[in-house]
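Convention: sequence-line order gives letters A, B, ...; per-chain numbering from 1.
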2 protein chains.
Amino acid sequence: MTIYDIAKKAGVSASTVSRVINNKPGVREETKKRIQQLLIKYNYSPNEAARGLVTQASKIIGILVDDIRTIHHTDGAYIIERELVKLGYCCIIFNTGTDEASKAKYINILKRRRVEGAVLIGSSFQVKAVEQAIKKYLNDTPVVMANGYLDLPNVYGILADEQNGVANCVKLLYDKGHRRPAFVIDLHTPSNLAKKAGYEQAVQSLGLGDILVYETNRTLQGGYNVTKKIMQEHPEVDGIIYAVDLLAAAGTRALLDMGISIPKQVAVIGIDNSIYAEICNPKLTSLDNKLLNLSMTAAHTLISALAGGQPNKKILIFSSIEERETT
Amino acid sequence: MTIYDIAKKAGVSASTVSRVINNKPGVREETKKRIQQLLIKYNYSPNEAARGLVTQASKIIGILVDDIRTIHHTDGAYIIERELVKLGYCCIIFNTGTDEASKAKYINILKRRRVEGAVLIGSSFQVKAVEQAIKKYLNDTPVVMANGYLDLPNVYGILADEQNGVANCVKLLYDKGHRRPAFVIDLHTPSNLAKKAGYEQAVQSLGLGDILVYETNRTLQGGYNVTKKIMQEHPEVDGIIYAVDLLAAAGTRALLDMGISIPKQVAVIGIDNSIYAEICNPKLTSLDNKLLNLSMTAAHTLISALAGGQPNKKILIFSSIEERETT
DNA sequence: TTGTAGGCGTTATCAG
DNA sequence: CTGATAACGCCTACAA
């Protein structure tokens, strides 16, 4: 069912039908009514692709998520979707994985779909390959990075101050008498590296001795095992900060299973302040990097840029520590 | 940059460029090379909307999610996306909320985008308004329902046998000596109502006395409060089944805070076998409704239908109980 | 091997 | 107030 079909049935031209559909003035009330009825009768729905072709506006936003295992990435995508749909946009969402080359590929796909804007969720987009792909394909399209930044004229970054945040976590432990903190990292994303840097910085400035950084993979088993390893190799450790709540949750359980009391003997801090932190027993103290705020800000930054505004190129969102039962 | 621009630079016609882009035969190797270089030099990317107009194929799949708070819905959407992107589709994702009317609206949006297929995630799509909207707008497009079904020729349903599953949970409690089970429900979705029916059926067939169904909202606080209420009003209760893991996790904590031992005094069972169940301490026994399997099956059903196959109209996925520490 | 012409479904710009 | 007509970017016969 096209506007031509409707036009024929109504005995008018396609342009008149188009006017009615788009609520343009200059159509006699009577013909308008007639056409509207036919539109309804035949369940006419405009073809947005054809429409976009002539208006040069796809009304599509591209969202790229680097790691769907990270609950606040997926949640963030939905938050952004919800804001943009209000303005009549539709969102195509891809999960790119952490591989650099494939990210560039997806940016090309966004170009082919002629997206009017893009949001890249996750700090791992902050790499050369993505920068080049944006320059190549999306250089005329506003791109908002949720927890990342690239120095390009059309790129806007919303960043969590994770380095300071983690440094503050170390200080919190210190203030509570925990002087031997360890740090657990999984992926080497810019975000995680910033957290690690915050840990190292605070440990050094407070003179807490050696840096104790342990690596694991982002699974409950990984968090569990690495925690046991830490305590075996360094029984003097009295506080552990984990790069994400998920690992902290597993670590908490490992400590408990080892008969270690929390937070008395060992304090635990997670990062993200996700639902995991609240479900955990004892409830996790967690660095709140303001996911919701960050995603909302990303959405509004994009909306502003889309409207021709001049949003801030770089916005820093301050984190805070949500204290619960593990510190 | 259009094929015309490239054609001009190459000194050929647009059709020749088109042939090269689409790898069609009948282009002299030399001109082909020349054109390919120009394509790369100018970062040409075909406009998929224009392409779709002429090929009558949007290569777009629509995914509708009813409730993004449900972690296995959002995860499911990503699983499905990942499968379809392999075949060159791109997915537009909307979260519709649980409101019936707005769901119909989104189905219309899918039509306007001329999606080639759709996946509806969540049992709450199993309603009249959606059925009518599909008939009206998507009657020629394969629609797969993840955990739902509607009796229309183009609709395929993948369903979890939650009623039996919950009945089996009651039996499990029974076998372990827990004879006064209660059930906690939040949303009145078809899925949750099936779970409730399973509970009631088993309680009756085992002759376990009165039906004890409590309602709450899907928050940790809700799960916590309702659990205390249950134990106050019915201290004889010795087992609680919660409609979702999230509530069970909160309930577990409430029981512990009341000094009730788990599972000795009161056993707990959640539903979804989500990560929440594993993070919880004690780890939750949970009804595994095979989310991953269900989403995968949905994806493959759609792919089969898209390819012109005749997938099963209705597939039942059998659940199982993952026993952990709360039973 | 290559080019021309027509059309996909719309909107926009003119005339009338 | 209404109707031709020409785009938008691409593909595909058909013709050369």
Side-chain angles (χ1 to χ4, degrees), chain A residues 1-36 38-39 42-60 88 90 108-116 137 140, chain B residues 1-36 38-39 42-60 88 90 108-116 137 140:
Chain A
M1 190 57 47
T2 74
I3 53 172
Y4 273 88
D5 300 322
I6 300 288
K8 198 175 292 168
K9 292 183 199 295
V12 299
S13 78
S15 351
T16 302
V17 176
S18 176
R19 285 190 192 96
V20 172
I21 291 168
N22 296 291
N23 264 316
K24 302 248 162 139
V27 181
R28 203 194 318 158
E29 196 57 32
E30 190 215 87
T31 42
K32 185 172 175 178
K33 279 260 163 63
R34 187 154 41 96
I35 293 173
Q36 281 172 332
L38 288 166
L39 255 19
Y42 292 99
N43 296 322
Y44 171 82
S45 297
N47 181 326
E48 296 291 349
R51 200 177 242 183
L53 201 51
V54 32
T55 61
Q56 301 282 57
S58 66
K59 279 287 182 181
I60 297 179
C90 95
N108 184 17
I109 293 180
L110 297 188
K111 164 68 168 193
R112 298 160 84 104
R113 294 288 174 179
R114 297 298 187 273
V115 296
E116 295 182 31
Y137 297 116
D140 222 27
Chain B
M1 191 56 49
T2 74
I3 53 172
Y4 275 89
D5 300 323
I6 299 288
K8 198 174 291 169
K9 293 184 198 296
V12 298
S13 78
S15 23
T16 302
V17 177
S18 175
R19 285 189 193 96
V20 173
I21 292 168
N22 296 292
N23 264 315
K24 300 253 162 139
V27 181
R28 202 194 319 160
E29 198 56 33
E30 187 214 271
T31 42
K32 186 171 174 178
K33 280 260 162 65
R34 185 155 41 96
I35 292 173
Q36 281 173 333
L38 287 167
L39 254 19
Y42 292 101
N43 296 322
Y44 171 81
S45 298
N47 181 327
E48 296 292 349
R51 200 176 242 184
L53 243 196
V54 33
T55 62
Q56 299 283 61
S58 66
K59 279 284 182 185
I60 297 178
C90 96
N108 185 18
I109 293 180
L110 297 188
K111 164 67 169 193
R112 298 160 84 107
R113 295 287 175 179
R114 297 297 186 273
V115 297
E116 295 182 30
Y137 297 115
D140 223 25

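For B:R34 and C:dT1, the CZ to P distance is 14 Å, given to the nearest whole Å. Between B:K8 atom NZ and C:dT2 atom P there is a gap of 20 Å when expressed in whole angstrom units. Here D:dC11 presents its C1' atom at 7 Å from CG of B:N22, a figure rounded to the nearest Å. At whole-Å resolution of the value, CD1 in B:I6 and C1' in C:dT2 are 18 Å apart. Summarising the geometry, the separation between CZ on A:R113 and P on D:dC10 is reported as 13 Å, rounded to the nearest angstrom. Remark: C1' of D:dC11 and CD1 of B:I21 are 10 Å apart, rounded to the nearest angstrom. One can place CD of A:E30 at 12 Å from C1' of D:dC1, the figure rounded to the nearest angstrom. Distance, B:L39 CG to D:dC10 C1': 13 Å, rounded to whole Å.
At the heavy-atom level, A:K24 lies under 4.0 Å from the strands shown only through sugar-phosphate atoms. Backbone-only contact: A:T16 has heavy atoms under 4.0 Å from sugar-phosphate atoms and none from a base. Across all strands shown, B:Q56 has heavy atoms under 4.0 Å from sugar-phosphate atoms exclusively, and none from any base. Using a 4.0 Å heavy-atom distance criterion, A:T2 is classed as a sugar-phosphate-only contact. Note on B:P46: only backbone sugar-phosphate atoms sit closer than 4.0 angstrom, heavy atoms only; bases stay farther off.
Of the candidates C:dT2, C:dG9, D:dC11, D:dC11 carries the atom nearest the B:I3 side chain, counting heavy atoms from C-beta on. Closest to the side chain of A:A50, out of C:dT10, C:dT4, C:dC8, is C:dT10. Distance from the side chain of A:Y44 is smallest to C:dT10 among D:dA4, C:dG3, C:dT10. The side chain of B:R51 has D:dC10 as its nearest neighbour among D:dG3, C:dT2, D:dC10. The A:R19 side chain lies nearest to C:dT13 when the options are C:dT13, D:dG9, C:dT4. Among the nucleotides C:dT10, D:dG9, C:dT13, the one closest to the side chain of A:N47 is C:dT10. Which of D:dC8, C:dT2, D:dC11 sits closest to the side chain of B:R28 comes down to C:dT2.
A donor-acceptor pair is defined here as one N or O able to donate and one able to accept, closer than 3.5 Å; no such pair exists between the side chain of A:R113 and the backbone of A:L110. The main-chain N or O of A:A10 is found under 3.5 Å from a side-chain atom of A:R34 such that the two form a donor-acceptor pair. The main-chain N or O of A:R114 is found under 3.5 Å from a side-chain atom of A:S58 such that the two form a donor-acceptor pair.
For A:S18 against C:dA12, a side-chain-to-base donor-acceptor contact under 3.5 Å is absent. A donor-acceptor contact under 3.5 Å links the side chain of B:S15 to the base of C:dT4.
Nearest-nucleotide positions on DNA chain D place A:A14 closer to the 5' end than the other of B:T55 and A:A14. For the pair B:T31 and B:R114, nearest-nucleotide mapping onto DNA chain C gives the more 5' position to B:T31. Both B:G11 and B:L53 lie close to DNA chain C; mapped to their nearest nucleotides by heavy-atom distance, the more 5′-ward contact belongs to B:G11.
Residue A:Y4 places none of its side-chain N or O atoms closer than 4.0 Å to OP1 or OP2 of C:dT11.
Using a 4.5 Å cut-off on side-chain heavy atoms (C-beta onward), A:K59 and A:E48 make no contact. Taking 4.5 Å as the limit, every side-chain heavy atom of B:Y137 sits out of range of all side-chain heavy atoms of B:R112.
A side chain to side chain contact (heavy atoms under 4.5 Å, CB included) with B:V17 is found for exactly one of B:N22, B:V27, B:I3, namely B:I3.
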